[in-house]
Amino acid sequence: MIQAIVFLPLLGAILAGLIALLGAHARHPSGDEVEHHHDDHAHGAADAHAHAHDDHGHDDHGHDDHHVAEPPAAGTWAAQAITTALLFVSAALSWATLISVGFMHQEAGVKELLPWINSGELQVSWALRVDTLTAVMLVVVTSVSSLVHLYSIGYMDEDPNRPRFFAYLSLFTFAMLMLVTANNLVQLFFGWEGVGLASYLLIGFWFQKPSANAAAIKAFVVNRVGDFGFALGIFAIFLLAKSTDFETIFHAAPSFAGKTINFLGWQADALTLTCLLLFMGAMGKSAQFLLHTWLPDAMEGPTPVSALIHAATMVTAGVFMVARLSPLFELAPNAQAVVMFFGATTAFFAATVGLVQNDIKRIVAYSTCSQLGYMFVAMGAGAYSVGMFHLFTHAFFKALLFLGSGSVIYAMHHEQDIRNMGGLWRKIPFTFAMMTVGTLALTGFPFFAGFYSKDAIIESAYASHNPFANYAYFLTIVAAGLTSFYSWRLIWKTFWGAPHDQHHYEAAHESPIWMRIPLAVLAIGAFLAGMIFQGYFVHPHGVESFFGESLKMNPHILEDMEHMPRTLGWLPLIMMLVGLGVSWLFYMSRPDLPEELAAQQPLLYRFLLNKWYFDELYDIIFVRPAKWLGRFLWKKGDGFVIDGFGPDGVSARVLDITRNVVKIQTGYLYHYAFAMLIGVAGLITWFMFMGGQQ
């Protein structure tokens, strides 16, 4: 069963990729670009599509007047049907695996596939590890991915390159499944880099847009920074355990206590250093504070990509990795303190930036960044099951919010600025209802999924003995209020009030059935996931039975959470209601207040609007010096030194000499006689001096 879950998406990716190649060849047999016409304007196929389906574009036509810029590739429907069907089969098998492994305690174990690397002490094989932690991630990845595939059939209906898009989606899913089923760090790293590659391809899917290319490169480069630390962490583990196999590492982990590693001349505690390096990888992949800058820009990709990669799956890889290596982190309390610090800081930082964003997808993106911070707070507290609980529930309601945002963008003819929306609940009532469910779940409204998982994280921070426990508790409480404010701000400005763009408002209509079905399914998950699964992720006996040996928990954290004072337990709900009330005051009762406040606090407003100036800071510290160094090495090092004195320089000097020698060949006899006399005089002089020395 596990083999089918992992490899069916790969089969779909290969088939869709072949269809994409054949379709491209059929459309352009000579390989040349063919000019097409779109609304009486000549465009290249790519440019016409960028015009037709640019998320940031503003078309002059209503949605009903849309024309496909280029005929879809041959086999487009086959590519969509194959990949989507295979993902739904994989999702069904994943749920069956969760029931079998988590509830019935069957089929857990390691499935060996084949040997991979055999070099001295490094023995690595391809193997699929099946336990409850894996099963939870399988359900998250395949469920969201299958629904995103189905949603994309409707959302990408105007794109001529759909087979390529679906091939990338399935390739990403395969890489993520390889990551979560890995039985050793090398295989995990393979999946880790695979999702990085797939995210690069998907963020830059509309590669005709310079902004999409820039966002894809930014995501790739920032993740390489984190992955460098992750690779060093893997090397350190191999140095200590002489293995990358999880069971071997976990068995040997207690013996690492007290050992040191010479790191840049510093004798560092081996476990602390290793866990910090591993967490550096998680910071990049999960967009934590300092390595977060790529996530909002990644919204340049199509909206289904945002839902799949940047809400439910890829960005949670860092959280999953820390949970998988919980036996190591439990032995490194200093590393856990760092994890909690960065998690709490990210939760607060991203929430403050989300307050003033106007792009509907970027608001949800900063929300994702903030919620990932919450998950790391739980990991730092040693409440790994609680962090996984929020990962599980968050996948449903955040995918719902992203896909709901896509439905709004689709209805508004690819308008993304919430300042240009308003009153849409009359035009798209189903999307409004789904977005409201997602918002209730995100903000932690009672009985919705986020109410159970987010409150449990805040309780774990309070109950923790981590040095940053109070810091994390305070910031997560504040972030809960901020999250409620900006989430309801999005709802008020998008669906209520008077329409700000009458033309787009009149043309707005509900999304096709392909897009509505995934929204409905995710809404059910956003409502029920917390209620149904709370006992298995939060209650001590349920966690022990459900997760078994797949997580190494802090032994007392769950019991301590149950003894939290009742008044403090109500604080997250109070903050949520305060955020809701203030947002209603600002955007429904007194819509003039936000502008007044921005005018009164211009420095704070600009600080938040410019995302704490991290992009500008990194540009000054890293980008400009790197560009200057590159230009210097190019112009001076390569051009002047290497080319000037190297091959180009030598050949130039030879040419100069030959040109001057050629000038001697005049054709006059007396010139040659003169040259012969000079030569004879030189020889005689040489013989005289040589004879004198003898």
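Taking every heavy atom of both residues into account, A219 and W294 meet most closely at CA-CB, 3.5 Å. Contact record, M137 with L391: SD-CD2, 3.7 Å, taken as the closest heavy-atom pair. Nearest heavy atom pair, residue A351 against residue L482, reads CB-CB, 3.8 Å. Summarising the geometry of V437 relative to A523, their closest heavy-atom pair is CG1-O, 3.8 Å, with the distance given to 0.1 Å. When all heavy atoms of S405 and V364 are compared, the pair lying nearest together is OG-CG2, 3.8 Å.
Of the N and O atoms on the side chains of S94 and T142, at least one donor lies less than 3.5 Å from an acceptor on the other residue. A donor atom on one side chain and an acceptor atom on the other are not found under 3.5 Å apart for Y605 and Q600. Side-chain atoms of W95 and S143 include a donor-acceptor pair closer than 3.5 Å. If you check the side chains of R324 and T134, you find a donor sitting under 3.5 Å from an acceptor. Side-chain N/O atoms of W492 and S583 include a donor and acceptor closer than 3.5 Å. Side-chain contact annotation: S367 with K398, donor-acceptor N/O pair under 3.5 Å present. Side-chain atoms of N183 and D245 include a donor-acceptor pair closer than 3.5 Å.
A cation-pi arrangement, defined by a distance under 6.0 Å to the six-membered ring centre and an angle within 45 degrees of its axis, is absent between K361 and F402.
Checking each of F447, F448, Y452 against F527 for a ring pair (Phe, Tyr, Trp, His ring centres under 6.0 Å) leaves exactly one that passes, namely F448. Remark: of the listed residues F397, F392, F396, F397 is the sole one forming a ring pair (Phe, Tyr, Trp, His ring centres under 6.0 Å) with H394. Paired with F376 under the rule side-chain contact (heavy atoms from CB on, under 4.5 Å), one option of T346, V339, I457 passes, and it is V339. Test F349, F614, W612 against F607 for ring pair (Phe, Tyr, Trp, His ring centres under 6.0 Å) and you get one pass: W612.
Taking the charged nitrogens against the carboxylate oxygens, E193 and R224 do have a contact shorter than 4.0 Å, which makes a salt bridge. Between D297 and R362, at least one side-chain N (NZ, or NE/NH1/NH2) sits under 4.0 Å from a carboxylate O, which counts as a salt bridge. With respect to the salt-bridge test (charged N to carboxylate O, under 4.0 angstrom), the residues R129 and E247 qualify.
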Step-by-step ring-ring contact (aromatic ring centres under 6.0 Å, His included) determination, F445 to F451: CA-CA 6 Å; F445 196 83; F451 172 72; 8.5 Å; no

Side chain to side chain donor-acceptor pair (under 3.5 Å) evaluation trace for Y473 with E459: CA-CA 8 Å; Y473 176 73; E459 289 169 13; over 6 Å; no

Verdict with reasoning, T173 to S145, per side chain to side chain donor-acceptor pair (under 3.5 Å): CA-CA 7 Å; T173 308; S145 183; 2.7 Å; yes

Verdict with supporting geometry, F533 and F389, ring-ring contact (aromatic ring centres under 6.0 Å, His included): CA-CA 8 Å; F533 287 93; F389 186 31; 7.9 Å; no

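Using a 30° and 60° split on the angle between ring planes, F485 and F586 fall in the perpendicular class, above 60°.
When the shell of 6.0 Å around NE2 of H105 is examined, it contains more than 12 heavy atoms from other residues, nucleotides or ligands.
Atoms OG1 and CE, on T443 and M575 in that order, are 13.0 Å from each other to the nearest 0.5 Å.
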